[in-house]
Trainee: 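Below are the structure tokens for one structure; questions will follow.
Each chain gets a letter, A, B and so on, in the order its sequence line appears, and its residues count up from 1.
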4 protein chains.
Amino acid sequence: MSKEKIIPAAIEVFSENGYHRASMDEIAMRAQVAKGTLYYNFPSKSQLFKMVVKAGFEDIMRRTEADLNASLSLEEMILRVIRHHLDLFLESHHVAHIVFNEISNGIEQDVLDELKQLRRQHLNFLAKILEEGKCDDNLLRDVDSNLAAASIVGTIESTCNYYLSHQDEYSRQDLEHFIFTIITKGLFTSIE
Amino acid sequence: MSKEKIIPAAIEVFSENGYHRASMDEIAMRAQVAKGTLYYNFPSKSQLFKMVVKAGFEDIMRRTEADLNASLSLEEMILRVIRHHLDLFLESHHVAHIVFNEISNGIEQDVLDELKQLRRQHLNFLAKILEEGKCDDNLLRDVDSNLAAASIVGTIESTCNYYLSHQDEYSRQDLEHFIFTIITKGLFTSIE
Amino acid sequence: MSKEKIIPAAIEVFSENGYHRASMDEIAMRAQVAKGTLYYNFPSKSQLFKMVVKAGFEDIMRRTEADLNASLSLEEMILRVIRHHLDLFLESHHVAHIVFNEISNGIEQDVLDELKQLRRQHLNFLAKILEEGKCDDNLLRDVDSNLAAASIVGTIESTCNYYLSHQDEYSRQDLEHFIFTIITKGLFTSIE
Amino acid sequence: MSKEKIIPAAIEVFSENGYHRASMDEIAMRAQVAKGTLYYNFPSKSQLFKMVVKAGFEDIMRRTEADLNASLSLEEMILRVIRHHLDLFLESHHVAHIVFNEISNGIEQDVLDELKQLRRQHLNFLAKILEEGKCDDNLLRDVDSNLAAASIVGTIESTCNYYLSHQDEYSRQDLEHFIFTIITKGLFTSIE
DNA sequence: TATGAATGAGTGTTCATTCAT
DNA sequence: AATGAATGAACACTCATTCAT
């Protein structure tokens, strides 16, 4: 079936070029199908894009979930969440870029809405992990879990970007450690 | 002079549509000048975009700097940095979006490089504030200042985005407080 | 197929306007296809132009070759070469003009190079005919065949141009006779 | 006066780019005058072009005439005519190209007419030299002088073009000698 | 006499989308 | 289910020309 050839090609092309510079011609070429086949399987470019982003979100949520279980400590859980997101960002940061950033202006409104909803789902997914952690012990500060989830994603995203253009100065270990520290303990050393 | 009409129009149009969907025709129309006038004043779309982004970065750095002085405590300084960035994000989050996010694929490589340098300058600006704070007292954890700066920006950006679609659930005060807390003290309540 | 509609239209438009004044819009209109169809079939204006020129060169070489055979005397061969070139110049002197003249500045360098090569091939074609003639008898002066070929083409071109704006003063027969005489015997009556 | 700065700049730019690719901006820049100054001194691009071509024709005719006098033999005269035209073609073949070739389609009709007239004048100039030579002795074949003039120019032009891309194979002496031979004695060795 | 900012019609090119096969 | 030729609206950019100063 053609869909299975199209999606990976679309991921590639969208990742390398961003939504607007990606062309359906290029995707068809990489997928080794005719251009018409794209439109036979997906109603439009923006819908195809949505499928790609959706697949990205689902992938990271699936992968993360598979690696978490109730017996883990909250610290370990957060570490693993960070690690999986780092994997996504570093191994295929182009995909990550479109998944987390390219949800920008200039996409058809209806698709844009669906993309925002996907992002919301992802944040919910993270927020829920935090919520569950809250119950267990009193480790977690009493902050809004959704905002906390957003700040985790923002921190990962932004530091990864920085890391990607300064790879000679830090190791991946350094980065992971930094993110874990800053997210869990913040900038200040002082006790509250 | 036309430049003064073009820049605000360009900010508007780039903000509303992102780089690729923004059209020079639209910008010319909003600026009430002929299309040729755009090209008389700016060599290309990407260069015009660069000017807009540059102006954005310079604006926030100027505004922030003007509000900081040596007599402030580190906490107060960080608070003000956050506050100014929040201002930019919330008052004109479209500008902020292009300034901090739209540095994406599909822009001419040379301009892209300059944009990345602008971003680096902005991070340096924040990192320097942190560096100076480090000297004063032992309040700051010994982490890399550049990564720390990146994580601050990422947190602000990401939580603002979330806030913007959930404005009914939080006040601006809540948001500011949350960001300050999470950045300075992190998620965990425990002492190291 | 569209190509068959585009080429003749392109010949027309390039001939009437020269390379730079010819517009893809005009060619599309004359070919009765959409502008996009031009670009579906030819990658660019300059490539389309190249195809037209190439077709012109190939046409005259094919036509000339088809009319020559080993049994002809050298004089007869040269006469036929002149005649065929005259046909091209007079019957469709616009095509001839672009084929022989419009290889000018301001065309993309790569295409320009290919056009120059086409011209070289045509001169080679003529030079080879002369070379073969040289062997047969001792009729031909011992001059460089390539320069000789160039001078034949230059003479035909230039006199045709003159003829075209003075058609009332000469017959086509006069012109053909003049060219043959001047090329084979030169201006002077004297014996060497 | 600005005109004196504009004309040489225009020659340069038209020569390097041909009529259509030459831009008034470039000419103004090279002439070190403002763009408006061009239009203050010349009503339009095509008129400016005409002045350049006219200057070219006048120059070669003046130079040639200055070097001819009644005491010279016809052979010597023709040799000098060839030599002066070769000078023009080889020393500044870009000027020559526009003077002799770029009188093509796509120039405003009125200017085109004037350019054709200039070319006619130049051919007349050459034809008159031939006519005068005819009287002296019976050296010249009885052919139409205008066509003969056209064929001389065509031969020079075409062989020069060939020479310019094969300069390693011939000397300027070779070329001059070839042109003189082919023009005066033609391709054939046989006596009439 | 000279300027240069401003113009706007025109150009080559791209690309998502359609549809007959 | 799949194709690929054809489309046409949209786009960035150019440039001869004008005109207020």
Side-chain angles (χ1 to χ4, degrees), chain A residues 1-3 5-6 19-29 31-49 108, chain B residues 1-3 5-6 20-28 31-49 108, chain C residues 1-3 5-6 20-28 31-49 108, chain D residues 1-3 5-6 19-29 31-49 108:
Chain A
M1 175 148 294
S2 294
K3 264 182 192 171
K5 288 195 281 178
I6 293 172
Y19 179 71
H20 283 102
R21 292 269 285 212
S23 84
M24 296 296 265
D25 280 86
E26 177 80 11
I27 294 171
M29 228 182 70
Q32 309 232 52
V33 299
K35 209 160 139 185
T37 311
L38 258 49
Y39 285 87
Y40 183 76
N41 288 282
F42 301 91
S44 70
K45 183 186 180 183
S46 59
Q47 289 289 337
L48 174 56
F49 182 64
E108 282 66 21
Chain B
M1 179 146 293
S2 295
K3 264 182 190 169
K5 288 196 281 178
I6 294 172
H20 283 102
R21 289 271 285 213
S23 88
M24 294 298 264
D25 279 88
E26 177 78 13
I27 293 171
Q32 307 232 54
V33 299
K35 201 153 75 167
T37 309
L38 292 192
Y39 285 89
Y40 183 76
N41 288 282
F42 301 91
S44 70
K45 183 186 180 184
S46 60
Q47 289 288 338
L48 174 56
F49 182 64
E108 282 65 24
Chain C
M1 178 147 296
S2 294
K3 264 182 190 170
K5 287 196 281 177
I6 293 171
H20 282 103
R21 289 272 285 214
S23 88
M24 294 298 264
D25 280 87
E26 176 79 13
I27 293 171
Q32 307 234 54
V33 299
K35 201 150 84 162
T37 309
L38 293 192
Y39 285 88
Y40 184 76
N41 288 282
F42 300 91
S44 69
K45 183 185 180 185
S46 60
Q47 289 287 338
L48 174 55
F49 182 64
E108 282 65 23
Chain D
M1 174 147 296
S2 294
K3 265 183 191 171
K5 287 196 282 179
I6 293 171
Y19 179 72
H20 282 102
R21 291 270 286 211
S23 84
M24 295 298 265
D25 279 86
E26 178 80 11
I27 294 170
M29 229 183 69
Q32 308 231 51
V33 299
K35 209 161 138 183
T37 311
L38 258 50
Y39 284 88
Y40 182 76
N41 288 281
F42 301 91
S44 72
K45 184 186 179 183
S46 59
Q47 289 289 337
L48 174 56
F49 182 64
E108 283 64 21

Trainee: So, is A:Asn41 near the phosphate of F:dA1, with a side-chain N or O under 4.0 Å from OP1 or OP2?
Mentor: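 For F:dA1, OP1/OP2 do not have a side-chain N/O of A:Asn41 under 4.0 Å.
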
Trainee: Could you encode protein contacts along nucleotides 14-21 of chain F as a string, one character per nucleotide from 5' to 3', using B for base contact, S for sugar-phosphate-only contact and - for no contact, with a heavy-atom cut-off of under 4.0 Å?
Mentor: B-BBB---

Trainee: Round to the nearest Å and state the distance from D:Met29 atom CE to E:dT3 atom C1'.
Mentor: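 Going from CE in D:Met29 over to C1' in E:dT3 covers 17 Å.
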
Trainee: Taking CZ from B:Phe42 and P from E:dA6, how many angstroms apart are they, rounded to a whole number?
Mentor: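 From B:Phe42 CZ to E:dA6 P: 11 Å.
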
Trainee: Please find the pair of heavy atoms, one from B:Lys45 and one from B:Ala22, that lie closest to each other, and give the distance.
Mentor: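 Reported closest heavy-atom pair: NZ-O, 2.8 Å.
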
Trainee: Between OG1 of B:Thr37 and CD1 of B:Ile27, what distance do you get to the nearest 0.5 Å?
Mentor: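 Here the rounded value is 13.0 Å.
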
Trainee: What residues form a side-chain contact (heavy atoms from CB on, under 4.5 Å) with B:Tyr39, not counting sequence neighbours?
Mentor: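 Counting only residues at least two positions away or on another chain, B:Tyr39 forms a side-chain contact (heavy atoms from CB on, under 4.5 Å) with B:Met24.
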
Trainee: Dot-bracket for DNA chain E, please. Rules: Watson-Crick or G-U, both distances under 3.5 Å, ( ) within the strand, [ ] when a pair crosses earlier ones, | for another strand, . otherwise.
Mentor: .||||||||||||||||||||

Trainee: Given atom CG of C:Leu48 and atom C1' of E:dT11, what is their separation to the nearest angstrom?
Mentor: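 Going from C:Leu48 (CG) to E:dT11 (C1'), I get 15 Å.
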
Trainee: Taking NZ, NE, NH1 and NH2 as the nitrogens, is one of them in A:Glu108 or B:Arg21 under 4.0 Å from a carboxylate oxygen of the other?
Mentor: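 Yes.
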
Trainee: Mind calculating the distance between CG (C:Leu38) and P (E:dT14) to the nearest angstrom?
Mentor: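 Rounded to the whole Å, the gap is 13 Å.
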
Trainee: Taking side-chain hydrogen bond (donor to acceptor under 3.5 Å, both in side chains) as the definition, give me every residue that meets it alongside A:Ser44, ordered by chain and number, with sequence neighbours left out.
Mentor: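 For A:Ser44, the residues satisfying side-chain hydrogen bond (donor to acceptor under 3.5 Å, both in side chains) (neighbours in sequence not counted) are A:Ser46.
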
Trainee: Among the nucleotides E:dT7, E:dT3, F:dT7, which one has an atom lying closest to any side-chain atom of D:Ala34?
Mentor: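 Minimum distance to the D:Ala34 side chain belongs to E:dT3.
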
Trainee: Yes or no on side chain to side chain contact (heavy atoms under 4.5 Å, CB included) for A:Val33 and A:Asn41, after CA distance, side-chain angles and deciding distance?
Mentor: CA-CA 11 Å; A:Val33 299; A:Asn41 288 282; over 6 Å; no

Trainee: How close do D:Pro43 and D:Gln47 get, counting heavy atoms only, and between which atoms?
Mentor: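 Looking at all heavy atoms of both residues, the shortest contact is CG-CG, 3.6 Å.
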
Trainee: Can you list the residues that meet the side-chain hydrogen bond (donor to acceptor under 3.5 Å, both in side chains) rule with B:Gln32, with sequence neighbours excluded?
Mentor: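 So B:Gln32 forms no side-chain hydrogen bond (donor to acceptor under 3.5 Å, both in side chains) with any residue.
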
